[in-house]
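Please read the structure below before turning to the comments.
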Amino acid sequence: MCFVKNLDASLKIPLNQLVTPFSLEHTLRCGQSFRWRKLGDWWCGVVDEKIVKIRQIADKLWFQTFPEEMDADFVKNYFRLDDNLPHILSQISRDEHIRRAIQRFSGLRIIRQQPWECLISYICATYKNIPAIKEMILNLSKQFGTKITFDDYDFYTFPKPTDLANSDIEDLRKCKLGFRAKRVLKTSRIMHKEELDLEAFRKTDYEHARNELLSLPGVGPKVADCILLFSLDKLKAFPVDVWMKRIILKYYSRHFEPLFIEKIRNKRSLTPREYREISLFGQRYFGPYAGYAQEYLFHYERHQPK
DNA sequence: TGGCTG
DNA sequence: GCCAG
């Protein structure tokens, strides 16, 4: 077990669970990111060009990065430890359903992902489940990224825009992207030409950033909201997928017209108008941190026995 | 509103 | 879940 070296080789981040509640496990298992796997006691992921190896023991976080050594601020930034979670949770704590989810998954945080990787990941996520998405992202990284070996395991960095922009559509298809290949290629070319500055959207408002994202091939309302929430600091974004629809039908139907509920009940996907109505409800009902509410409800419902 | 890669 | 028709 040479992989599990002793903790002395790691940096420590003490967490005061009262002020900074955090659960690494819930945060990495809730399906927002596709790049982490658990090896022994450690979670391992690729962030930027670094391998990050991290574990939590009670109120302490231990981590190492490779090849570049990163400090605690890097980890704090990635896991949004700067969010005032107690305050956020008190804000979204609107009813018994969300309170149950918060209790069950306390410490779950939204991750601050890299916008470019997040963009491509959620274009790929269209009409796919989480394991399939993880596989696509891994395939893309193996094919177009850079291999880094750490603790006897191989990791691959996520390809740069130029790598995908200059790729052959057939090679993208081989990564099991299917009809998403064309969308990924087109969007990569736009990003490669730097026609859109994703990072800049961190500072602009939600509406503006969203409209810009919607201009990209493969980015509709749901994908845009995921990118805004998971990588662009737009915590009011309220992505609506099949799970969120189920949650609305199960717990929140009384907030909608009966006719509306009937319409969405039996069909597979929402029209843009229906999407908008549910998403706006989420933002109105849960407030400026609606995205956090969405994550807690989503993760909670996915763990409910059918 | 249906078709889409496997 | 997005996009073409």
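Any value given below was found using the heavy atoms of this structure, including those in side chains, with hydrogens, waters and symmetry copies removed. Values in this document were obtained by computation on a predicted structure and should not be read as measured data. The chains referred to below are lettered A, B, ... by the order of the sequence lines, with proteins before strands, and numbering in each begins at 1.
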Give a yes or no on whether [X] and [Y] share a hydrophobic cluster (residues Ile, Leu, Val, Met, Phe, Trp, Tyr; joining criterion: side-chain heavy atoms under 4.5 Å apart).
{"X": "A/L140", "Y": "A/V46", "result": "no"}
{"X": "A/L108", "Y": "A/W243", "result": "no"}
{"X": "A/I190", "Y": "A/L198", "result": "yes"}
{"X": "A/L11", "Y": "A/Y78", "result": "yes"}

- Within 45° of the axis and under 6.0 Å from the centre of the six-membered ring of A/F155, does NZ or CZ of A/R37 qualify?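 So A/R37 does make the cation-pi contact.
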- Task: Locate the shortest heavy-atom distance separating A/K245 from A/V240; write the atom from each residue and the value.
- Result: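 Scanning both residues completely, I find the closest heavy atoms to be N-CG1, 4.5 Å.
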- Do A/R35 and A/Q113 come within less than 4.5 Å of each other through their side chains, counting heavy atoms only?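 A side-chain contact is absent here, since even the closest heavy-atom pair is not under 4.5 Å.
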- Can you tell me if A/D83 and A/Y289 form a side-chain donor-acceptor pair at under 3.5 Å?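 Side-chain D/A pair, A/D83 to A/Y289: absent.
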- Item | Distance-only polar pair, side chains of A/Q91 and A/Y292, donor-acceptor under 3.5 Å |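 Not at all, the side chains of A/Q91 and A/Y292 share no donor-acceptor pair under 3.5 Å.
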By a strict heavy-atom criterion of less than 4.0 Å, which residues belonging to [range] are in contact with DNA chain B?
{"range": "residues 264-283 of chain A", "answer": "A/R268"}
{"range": "residues 165-179 of chain A", "answer": "A/R173, A/G178, A/F179"}
{"range": "residues 118-140 of chain A", "answer": "A/Y127, A/K128"}

- Assign A/L214 to base, sugar-phosphate, or nothing according to its heavy-atom contacts below 4.0 angstrom with the strands shown.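 Here A/L214 touches no strand at all.
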- Message: So that I can tick it off, tell me whether A/K160 and A/E49 are bridged by a salt bridge, with the cut-off set at under 4.0 angstrom between side-chain N and carboxylate O.
- Response: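 So A/E49 pairs with A/K160 through a salt bridge.
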